[in-house]
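Ligands are counted one by one from 1 in listed order, and the atoms in each one are counted from 1 as well.
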Amino acid sequence: MRILVRGAGVAGLAMAFELVTRGVDVLVCEAGPRVGSGASWFAGGMLAPWCERESAEAAVVELGRLSADWWDAALPGLVQRHGTLVVAPPRDAAELGRFASRTDGFDRVDGDVIATLEPDLEGRFRQGLFFTEEAHLDPRAALSRLHGRLVEAGVRFLFDGEQPAAAFDHVIDCTGMAARNVLSALRGVRGELLYLETQDVRLSRPVRLLHPRIPLYVVPRGDGRFMVGATMIESDDRGPVTARSLMELLNAAYTLHPAFGEARVVETGAGVRPAFTDNLPSIERSGNAIYLNGFHRHGFLLAPAMAKRVADMIGKTETAHARDRERAIA
Ligand SMILES: Cc1cc2nc3c(=O)[nH]c(=O)nc-3n(C[C@H](O)[C@H](O)[C@H](O)COP(=O)(O)OP(=O)(O)OC[C@H]3O[C@@H](n4cnc5c(N)ncnc54)[C@H](O)[C@@H]3O)c2cc1C
């Protein structure tokens with residue numbers, strides 16, 4: 001069986017991985033010059049289904065709880081299983097109660113435990129929530145390592161919009177926002193972020209800072225680099241970060257630790273999350289084309305489970321076709 005995957009973001013690469021491990025001949029066709037030319041490049045890389053439940057459906061926990069195992073199996077050593085720490089400055093302490101009432105899978109922690117988990121936050125927060133089972137990864141490393149593994153496994157890639165000449169049994173479209181001309185319900189949710197560099201703060205895990213209006217997070221990337229994200233704006237504008245968002249992001253980092261005030265801003269950026277009205281991913285079929293899209297805030301978290309579903313679906317269709325052919329011959 002030959003399958004064309006359109007789009008080399010996290011959805012397309014996870015899809016290609018699921019197919020090639022089942023023995024399928026896969027070609028990936030990407031409009032951009034490299035893997036991760038869309039929203040995936042800007043992700044925080046948090047595998048945080050229990051935290052995300054605060055604003056997401058229960059399906060996000062069901063589909064996402066095993067994603068860290070999938071990434072571990074695909075790319076050993078990439079996933080960091082240190083949990084997620086959620087804190088709020090004293091003036092926003094009520095936000096912790098609200099967050100706790102909408103989630104589970106956490107331990108309530110006091111200032112001493114916070115200091116044990118993250119020594120650099122000693123004395124800064126009196127209470128927090130610790131989601132022990134959560135994990136994170138570096139999304140850019142994940143994309144580039146997955147690309148490498150796929151090439152090793154025999155998957156071919158075309159970049160810069162080069163089109164394949166051959167015909168395919170199935171085409172799986174994982175083009176994110178670009179599929180909006182077909183998937184009319186798709187909308188964009190802009191996420192702005194920045195990268196800071198400092199040797200004066202050490203964190204072992206993503207730390208979410210609650211705020212009544214704009215909750216943000218800081219994810220350590222190692223070697224003194226931190227990703228600070230992310231805004232949630234109903235827009236498909238990929239343009240540069242606005243001054244207001246930049247101030248909000250820097251404020252969050254500074255509130256978490258004042259040493260971020262001396263950090264270097266090494267990158268700012270904005271990605272557009274492809275989302276449907278329920279903010280859940282979906283699989284749509286039209287002839288031999290399958291659309292896998294709508295990952296919203298959860299591409300790295302949910303692409304593994306959704307790609308498995310699509311691969312199973314194709315497997316069943318092919319088995320049914322093979323049975324029909326056998327019957328016709330008999
Ligand atoms: C700031 C930010 C933070 C985030 N943090 C997290 C997080 O912590 N955890 C998490 O799980 N998710 C997170 N997300 C969400 C995640 O990044 C998205 O859900 C995910 O990237 C969507 O992946 P995708 O492959 O569907 O789309 P994309 O990454 O946009 O990939 C689509 C690809 O298709 C290509 N393409 C377009 N048109 C064509 C065409 N005609 N032919 C071929 N290729 C084409 C594009 O160039 C692109 O490379 C975050 C997103 C943002 C913006």
Taking both backbone and side-chain atoms of [X], is any N or O found less than 3.5 Å from an N or O belonging to ligand 1?
| X | answer |
| --- | --- |
| Ala11 | yes |
| Glu192 | no |
| Val272 | no |
| Gly45 | yes |
| Leu301 | yes |
| Met46 | yes |
| Phe42 | no |
| Met227 | no |

So do [Y] and [X] actually touch side chain to side chain, heavy atoms under 4.5 Å?
| X | Y | value |
| --- | --- | --- |
| Arg285 | Met313 | yes |
| Val26 | Val5 | yes |
| Ile233 | Ser245 | yes |
| Thr242 | Glu192 | yes |

Considering all heavy atoms of both residues, which atom of His136 and which atom of Ser204 are nearest to each other, and what is their separation?
CE1-O, 3.7 Å
Which ligand 1 atoms, with their elements, are less than 4.0 angstrom from a heavy-atom of [X]?
| X | answer |
| --- | --- |
| Gly191 | 1 (C) |
| Ala230 | 1 (C) |
| His298 | 10 (C), 11 (O), 12 (N), 15 (C), 19 (O) |
| Ser37 | 47 (O), 49 (O) |
| Ala178 | 37 (C), 38 (N) |
| Cys29 | 43 (C), 44 (N) |
| Gly271 | 53 (C) |

If you measure only the distance, is there a donor-acceptor pair under 3.5 Å linking the side chains of His298 and Glu52?
yes
Cut-off 3.5 Å, side chains only: do Arg221 and Tyr195 have a donor facing an acceptor?
yes
Please answer whether the main-chain N or O of [Y] pairs with a side-chain N or O of [X] as donor and acceptor at a distance below 3.5 Å.
| X | Y | result |
| --- | --- | --- |
| Arg205 | Leu117 | yes |
| Arg264 | Leu196 | no |
| Glu134 | Cys51 | yes |
| Glu133 | Phe131 | no |
| His257 | Phe260 | no |
| Asp112 | Ala115 | no |

Report yes or no: does [X] have a heavy atom closer than 4.0 Å to ligand 1?
| X | value |
| --- | --- |
| Cys174 | yes |
| Val10 | yes |
| Tyr217 | yes |

Return the residue, atom name and 0.1 Å-rounded distance of the protein heavy atom closest to [atom].
| atom | value |
| --- | --- |
| atom 16 (C) of ligand 1 | Gly299 N, 3.7 Å |
| atom 31 (O) of ligand 1 | Gly9 CA, 3.6 Å |
| atom 27 (O) of ligand 1 | Gly176 CA, 3.9 Å |
| atom 17 (O) of ligand 1 | Ala43 CB, 3.4 Å |
| atom 13 (C) of ligand 1 | Arg297 O, 3.1 Å |
| atom 33 (C) of ligand 1 | Glu30 OE1, 3.7 Å |
| atom 40 (C) of ligand 1 | Thr175 CG2, 3.7 Å |
| atom 28 (P) of ligand 1 | Ala39 N, 3.6 Å |

Can you tell me which portion of His136 lies within the under-4.0 Å heavy-atom range of ligand 1? Options are side chain, backbone, both, or neither.
neither
Please work out which of Ser40, Ala31, Gly44 has its closest non-hydrogen atom nearest to atom 36 (N) of ligand 1.
Ala31
The option among Arg273, His296, Gln163 carrying the non-hydrogen atom nearest to atom 18 (C) of ligand 1 is His296
Between Arg145 and Trp71, is NZ or CZ placed under 6.0 angstrom from the six-membered ring centre and within 45° of the ring axis?
no
In terms of the angle between their ring planes, are Phe157 and His147 parallel, tilted or perpendicular, with boundaries placed at 30° and 60°?
perpendicular
One pair to check against ring pair (Phe, Tyr, Trp, His ring centres under 6.0 Å): Phe130 and Phe106. What are the steps and the verdict?
CA-CA 5 Å; Phe130 182 42; Phe106 59 81; over 10 Å; no
How far apart are the C-alpha atoms of Arg213 and Glu248, what are their side-chain angles, what is the distance that settles it, and do they pass the salt bridge (charged side-chain N to carboxylate O under 4.0 Å, His left out) test?
CA-CA 10 Å; Arg213 200 165 37 79; Glu248 304 275 18; 3.1 Å; yes
